[in-house]
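Below you'll find the structure, written out as structure tokens, and then a few comments.
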Amino acid sequence: MIRTVFDDVNQLTWFLGGSPKRTAILKRHLPDAKQVDYLVGDTDDEKVESNINIANAFSKSLLPKLCETRWSARVDTLSVILAKYKAVLASLEDVRKESTATEARTKATAFIHMMEKSTFVVAIVIAHHILSYTKPLSLALQNAKCDVFKAFTGAQTCKKVVAAQRSDEVFNRCIWMKAAAIAESIDIELGKPRTVGRMRHRANAAFSDDSVHGYYRVNAYFPFVDHCLNELNERFPEQTRPSFLAFQLLPCRLQNITEEEIADIQVRYEEDMPDSPGFVRELERWKMFCSGLQNRDKDTGNQSLETTIQLADPNYYPNDFMFMQYLECCSQCL
């Protein structure tokens, strides 16, 4: 269901932005779109990421095209659609009425029917809510000056936040209320697809009651949350944390390194270090050396990895020099 909604939104945005006439119709409706209060939540929900993105989207006067490669940009597109759902639908109605091309009128009619389907409304709210929590991580990873250790730590936090969204309470408050508000604004009633005992081409997991919101919670929301968690765990497994700990040896992080992290580094890189038995003593000398540099030059902590490699003399700091070379190779691969 979620995979289908991305394809549908991609075609919708490229259709509306595919000609100057359709773009002009869209511009005619978007700036005057009225805010739907339930979409941004009440006072208790002001800090929910999806609510913040929707609230910021009300100032947009254009509908961004859905990007197939940048997931952070997908959130921006979904935010505008949710914030101005009725205006987008009105734009399609005008395209159907004013367009002289038969193909354009046919497509506009198809998109209107699509946006009035319950499955589309609920799916777009679900996708937007979860991806709003992964957007900051995507932006951090896209940054040319990305701090790899910070990004890895941020990914672990992101996994916990996404996992916390897998609850009935979050679904009812953050998903179902928004979907119901959109449905009310366009005068439709949310319903679920027809289900039978055995279905091969549509999700049909059993749930406790026969309610509409129960169907979407079990067959759309929970599976998408689980999918996102599996993807995050696959790309940022906790088992690889020791591999990223070498970044703690950089001057800007060295003073905050813990005894537990030092022990993990020693175990992880014991066979790679040229002087493993002397690693702890060498680390004390390296910390003292970097501390002395920082006292003389406040910008030392912000030096590049290339400059730090020059500071780590292999004769005095063989292990740290090896770590700096390792980090340089990691940076080139990222």
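FYI, side chains are in, hydrogens and waters are out, and symmetry mates aren't considered; it's all heavy atoms of this structure.
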Exercise. Would a 4.5 Å heavy-atom cut-off, applied to side chains only, mark H129 and V170 as touching?
Worked result: yes

For this session: I would like to know whether V75 and Y133 meet side-chain contact (heavy atoms from CB on, under 4.5 Å); could you show each step before the answer?
Result: CA-CA 10 Å; V75 178; Y133 287 104; over 6 Å; no

Exercise. What is the distance from atom CG of L26 to atom NZ of K84, rounded to the nearest 0.5 Å?
Worked result: 9.0 Å

Exercise. Is there a side-chain contact (heavy atoms from CB on, under 4.5 Å) between I124 and D8 once you walk through the steps?
Worked result: CA-CA 10 Å; I124 196 173; D8 293 339; over 6 Å; no

Exercise. Is there a donor-acceptor pair under 3.5 Å between the side chain of E270 and the backbone N or O of V267?
Worked result: no

Exercise. Do the side chain of T13 and the main chain of P64 share a donor and acceptor less than 3.5 angstrom apart?
Worked result: no

For this session: Taking R22 for its side chain and F15 for its backbone only, find out whether a donor-acceptor pair lies under 3.5 Å.
Result: yes

Exercise. Transitively linked via ILVMFWY side-chain contacts under 4.5 Å: L139 with V161?
Worked result: no

Exercise. Considering residues, nucleotides and ligands other than K117, do more than 12 of their heavy atoms fall under 6.0 Å from its NZ?
Worked result: no

Exercise. Is it the case that more than 12 heavy atoms not belonging to E259 sit under 6.0 Å from its CD atom?
Worked result: no

Exercise. Would one find more than 12 heavy atoms of other residues, nucleotides or ligands at under 6.0 Å from atom NZ of K107?
Worked result: no

Problem set entry | Spacing of CG belonging to L229 relative to SG belonging to C158, to within rounding of 0.5 Å | 8.5 Å

Exercise. Parallel, tilted or perpendicular for F289 and Y317, by the 30°/60° rule?
Worked result: tilted

For this session: Kindly compute the distance separating CD1 (I130) from CD1 (I2), expressed to the nearest 0.5 Å.
Result: 9.5 Å

Exercise. So do T153 and Q156 actually touch side chain to side chain, heavy atoms under 4.5 Å?
Worked result: no

For this session: Considering non-hydrogen atoms only, spot the tightest contact between A87 and L30 and give its length.
Result: CB-CD2, 4.0 Å

Exercise. Would you find a donor on one side and an acceptor on the other, under 3.5 Å apart, between the side chain of R105 and the backbone of E98?
Worked result: no

Seminar exercise, completed: dist R173:CZ -> D168:CG (nearest 0.5 Å) comes out at 12.5 Å

Problem set entry | Residue pair L254 / C290: nearest heavy atoms and the distance that separates them | CD2-SG, 4.0 Å

Exercise. Is a side-chain donor or acceptor of S276 paired with a backbone partner of D272 at a separation under 3.5 angstrom?
Worked result: no

Exercise. When you measure from the side chain of K135 to the backbone N and O of A73, does any donor-acceptor pair fall under 3.5 Å?
Worked result: no

Exercise. Would you say R281 has more than 12 foreign heavy atoms packed within less than 6.0 Å of its CZ?
Worked result: no

Problem set entry | F171 versus H213, closest heavy-atom pair with distance | CE2-O, 3.3 Å

Exercise. Rounded to the nearest 0.5 Å, how far apart are NE2 of H128 and CD1 of I175?
Worked result: 10.0 Å

Problem set entry | Pair K86 + E93, salt bridge at N-O below 4.0 Å | no

For this session: Please tell me if the side chains of Q266 and M273 come closer than 4.5 Å, counting only heavy atoms from C-beta onward.
Result: yes

Exercise. What orientation do Y269 and F323 show, parallel under 30°, tilted 30 to 60°, or perpendicular over 60°?
Worked result: perpendicular

For this session: Answer yes or no: is there a side-chain heavy-atom contact under 4.5 Å between L92 and L16?
Result: yes

Exercise. Between the side chain of D320 and the main-chain N/O of A312, is any donor-acceptor distance below 3.5 Å?
Worked result: no

Problem set entry | Cationic tip of R285 above Y316 ring, under 6.0 Å, 45° of axis | no

Exercise. Are the side chain of Y85 and the backbone N or O of V121 linked by a donor-acceptor pair below 3.5 Å?
Worked result: no

For this session: Considering non-hydrogen atoms only, spot the tightest contact between G278 and N319 and give its length.
Result: C-ND2, 4.2 Å

Exercise. Quick one: are F321 and D313 in side-chain contact, heavy atoms under 4.5 Å?
Worked result: no

Exercise. With a cut-off of 6.0 Å (strictly less than), are more than 12 heavy atoms of other residues, nucleotides or ligands near NZ of K150?
Worked result: no

Problem set entry | Closest heavy-atom pair and its distance - V122, A179 | CG2-CB, 4.1 Å

For this session: Under the side-chain contact (heavy atoms from CB on, under 4.5 Å) rule, what do F120 and I182 come out as? Steps first, then yes or no, please.
Result: CA-CA 11 Å; F120 181 84; I182 293 175; over 6 Å; no

Exercise. Same cluster for I257 and F152 if Ile/Leu/Val/Met/Phe/Trp/Tyr side chains link at under 4.5 Å?
Worked result: yes

Seminar exercise, completed: Residues A151 and L141: closest non-hydrogen pair is CB-CD2, 3.6 Å

Exercise. Are the ring centres of Y216 and Y221 closer than 6.0 Å?
Worked result: no

Exercise. Run the side-chain contact (heavy atoms from CB on, under 4.5 Å) check on I126 and V225 step by step: do they pass?
Worked result: CA-CA 9 Å; I126 291 173; V225 174; over 6 Å; no

Exercise. What is the distance from atom OG of S118 to atom CD of E189, rounded to the nearest 0.5 Å?
Worked result: 8.0 Å

For this session: For residues T4 and T119, determine if any side-chain heavy atom of one lies less than 4.5 Å from a side-chain heavy atom of the other.
Result: no

Exercise. With a 4.5 Å heavy-atom cut-off, do S91 and R28 have their side chains touching?
Worked result: no

Exercise. Is there side-chain contact between L283 and F279, with at least one heavy-atom pair below 4.5 Å?
Worked result: yes

For this session: Examine L89 and W14 and state if one hydrophobic cluster contains both, with Ile, Leu, Val, Met, Phe, Trp and Tyr joined whenever side-chain heavy atoms are less than 4.5 Å apart.
Result: no

Exercise. Is the backbone of Y215 close enough, under 3.5 Å, to the side chain of N219 for a donor and an acceptor to pair up by distance?
Worked result: yes

For this session: Please answer whether the main-chain N or O of N256 pairs with a side-chain N or O of Q248 as donor and acceptor at a distance below 3.5 Å.
Result: no

